[in-house]
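Just below is one structure, and these are the notes that go with it.
Start at 1 and go down the list; that is how both ligands and their atoms are numbered.
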Amino acid sequence: MIKVTKTFLPPQDEYQAILKKAWNSGWITNRGHLVKELEVQLKDYLDVKNVICMTNGTLPIQIAIKALGLSGDIITTPFSYVATTSSIVWEGCNPVFVDIHPEYLTIDETKIEAAISKNTTAILATHVFGNPCNIDVIEAIAQKHNLKVIYDAAHCFGVTYKGKSVFEYGDVSTCSFHATKLFHTGEGGAAFFNSDELYNDFYYHHNFGHDGTERFFGIGINAKMSELQAAMGLAVFPYIESIIERREAIVFAYNKAFSNTSLSLLRLREATKWNFSYYPIICPSEKKLKIILDVLNANDIYPRRYFYPSLDELPYVSGYNCKVSRSIANRVLCLPLYHDLDKSQQEKIIELVKHSL
Ligand SMILES: *Cc1c(COP(=O)(O)O)cnc(C)c1O
């Protein structure tokens, strides 16, 4: 069976050697040695100023909304994983959807200003499939209207934009280290910030608001990453470059195979160094998508409809019809892409897709 992705599992003895440190210290959570070590490695590898590792990639989005004191309307994208929208609603705010660009698949920055009202407090946008939003324009709009900016950068491990980690943009950027993501800790995630003040706020918020053992700085929640999660991250880290290189070769072969077909491919934003995190194809019609899906499934190959449905169709939001996002969501398929997808498997996928066109 070939699925859309496959978790990279490091050699078990290497994972266990790291775990042994936790056994020796008798310390398995509450920001022990391993979480701190992972944060050091992340800062170094990603070249970012502030990072806090967390237990998944959703809580950092929710904490960002809380820590930035947001209320009312948050402008967001309908083309993302459900966590982007659900976090807004969960925090008692109202998602205001702005449609996406048909090729970059990120929020259409030219439509943001028209959606701003007196209740708008922030923009929460996703760098879809690791492809950055139009950060410069979003930054300018946010400044002009005094809005906060949060980037759901769950797909962006290792991505740079204009020579700088994409996590360095916005008030807060978040990432997911879920087992299906490029870099993973089983379950896990992180938040990144330029502001030291915001880093401190986040630090308290993600640990119940604790200020030492007997005082509380403010309200908090438990979003701490455990030592067991961090151990997985530390065991995966030495392989990250080779994982990305392998993916690059697979993406190159897909691009070559599909460049002159009726499929549309992801258009990367200029000045981006990408991470080869997903391989979306956009079919000419939903009917075609279903044909391709059926043919692949019949051959025990399971791509995923990332992202479907468009989030403006969620049962707990109403009043939107984001035409571009719905059209893309109906026609997009992410093809298998992972470190040990071998050449013959990929050739078979390509042949089946091309044949179905
Ligand atoms: C995976 C993902 C999340 C959620 O991350 P978890 O670690 O699973 O909580 C949020 N946003 C996007 C765009 C994602 O792909």
Side-chain angles (χ1 to χ4, degrees), residues 3-8 35 38 42 51-66 74-91 95 97-98 100 104-107 122-133 149-159 166-167 169-170 172-192 202 206 221-226 228-230 232-233 236 266 274-280 303-312 314 325 328-329 332-334 337-338:
K3 294 195 197 164
V4 66
T5 193
K6 186 165 152 190
T7 301
F8 173 82
V35 164
L38 181 60
L42 287 168
V51 59
I52 300 177
C53 285
M54 300 203 196
T55 197
N56 60 48
T58 303
L59 280 163
I61 305 174
Q62 295 185 203
I63 296 174
I65 294 169
K66 190 79 83 191
I74 298 180
I75 289 177
T76 191
T77 175
F79 192 68
S80 183
Y81 183 59
V82 67
T84 318
T85 301
S86 66
S87 297
I88 295 173
V89 178
W90 193 273
E91 291 302 326
F97 292 103
V98 167
I100 59 166
Y104 294 117
L105 308 182
T106 47
I107 193 166
I123 300 167
L124 167 44
T126 302
H127 302 308
V128 186
F129 305 133
N131 194 29
C133 300
V149 178
I150 303 167
Y151 288 115
D152 180 342
H155 305 163
C156 292
F157 192 89
V159 172
V166 82
F167 296 137
Y169 296 94
V172 181
S173 281
T174 66
C175 192
S176 167
F177 303 153
H178 184 259
T180 56
K181 304 296 206 279
L182 183 64
F183 171 81
H184 79 94
T185 57
E187 291 275 359
F192 302 86
F202 245 79
H206 102 295
I221 196 167
N222 181 7
K224 296 187 303 292
M225 176 181 275
S226 80
L228 308 179
Q229 292 170 289
M232 178 58 83
V236 171
L266 181 66
W274 193 44
N275 62 356
F276 312 97
S277 49
Y278 294 85
Y279 197 83
R304 279 287 297 269
R305 298 185 73 178
Y306 289 146
F307 293 101
Y308 179 85
S310 178
L311 298 174
D312 61 311
L314 283 171
S325 178
I328 297 286
V332 69
L333 210 51
C334 279
L337 172 57
Y338 49 86

| message | Restricting to non-hydrogen atoms, name the atom on Pro95 and the atom on Thr85 that form the minimum distance, rounded to 0.1 Å. | response | CG-CG2, 4.1 Å

| Test item: Asn131 side-chain N/O and Cys133 main-chain N/O as donor-acceptor pair under 3.5 Å | no

| said: Could you check whether any side-chain N or O of Gln62 sits under 3.5 Å from a backbone N or O of Glu91, counting only pairs where one atom can act as donor and the other as acceptor? | reply: no

Return a table of N or O atom pairs, ligand 1 on one side and protein on the other, at distances under 3.5 Å, rounded to 0.1 Å.
{"residue": "ligand 1", "atom": "5 (O)", "partner": "Ser176", "partner atom": "OG", "Å": "3.3"}
{"residue": "ligand 1", "atom": "7 (O)", "partner": "Gly57", "partner atom": "N", "Å": "2.7"}
{"residue": "ligand 1", "atom": "7 (O)", "partner": "Ser176", "partner atom": "OG", "Å": "2.7"}
{"residue": "ligand 1", "atom": "9 (O)", "partner": "Gly57", "partner atom": "N", "Å": "3.2"}
{"residue": "ligand 1", "atom": "9 (O)", "partner": "Thr58", "partner atom": "N", "Å": "3.1"}
{"residue": "ligand 1", "atom": "9 (O)", "partner": "Thr58", "partner atom": "OG1", "Å": "2.6"}
{"residue": "ligand 1", "atom": "11 (N)", "partner": "Asp152", "partner atom": "OD1", "Å": "3.3"}
{"residue": "ligand 1", "atom": "11 (N)", "partner": "Asp152", "partner atom": "OD2", "Å": "2.7"}
{"residue": "ligand 1", "atom": "15 (O)", "partner": "His155", "partner atom": "NE2", "Å": "2.7"}
{"residue": "ligand 1", "atom": "15 (O)", "partner": "Lys181", "partner atom": "NZ", "Å": "3.2"}

Let me have the donor-acceptor pairs involving side chains of residues 181-192, under 3.5 Å, with sequence neighbours excluded, atom names and distances please.
{"residue": "His184", "atom": "ND1", "partner": "Gly186", "partner atom": "N", "Å": "3.0"}
{"residue": "His184", "atom": "NE2", "partner": "Phe8", "partner atom": "O", "Å": "2.8"}
{"residue": "Thr185", "atom": "OG1", "partner": "Glu187", "partner atom": "O", "Å": "2.8"}

| request: Not counting sequence neighbours, which residues clear salt bridge (Lys or Arg N to Asp or Glu O under 4.0 Å) with Lys3? List them please. | output: none

| message | Once side-chain hydrogen bond (donor to acceptor under 3.5 Å, both in side chains) is applied, do any residues pair with Asn275, and if so which ones, sequence neighbours excluded? | response | Ser277

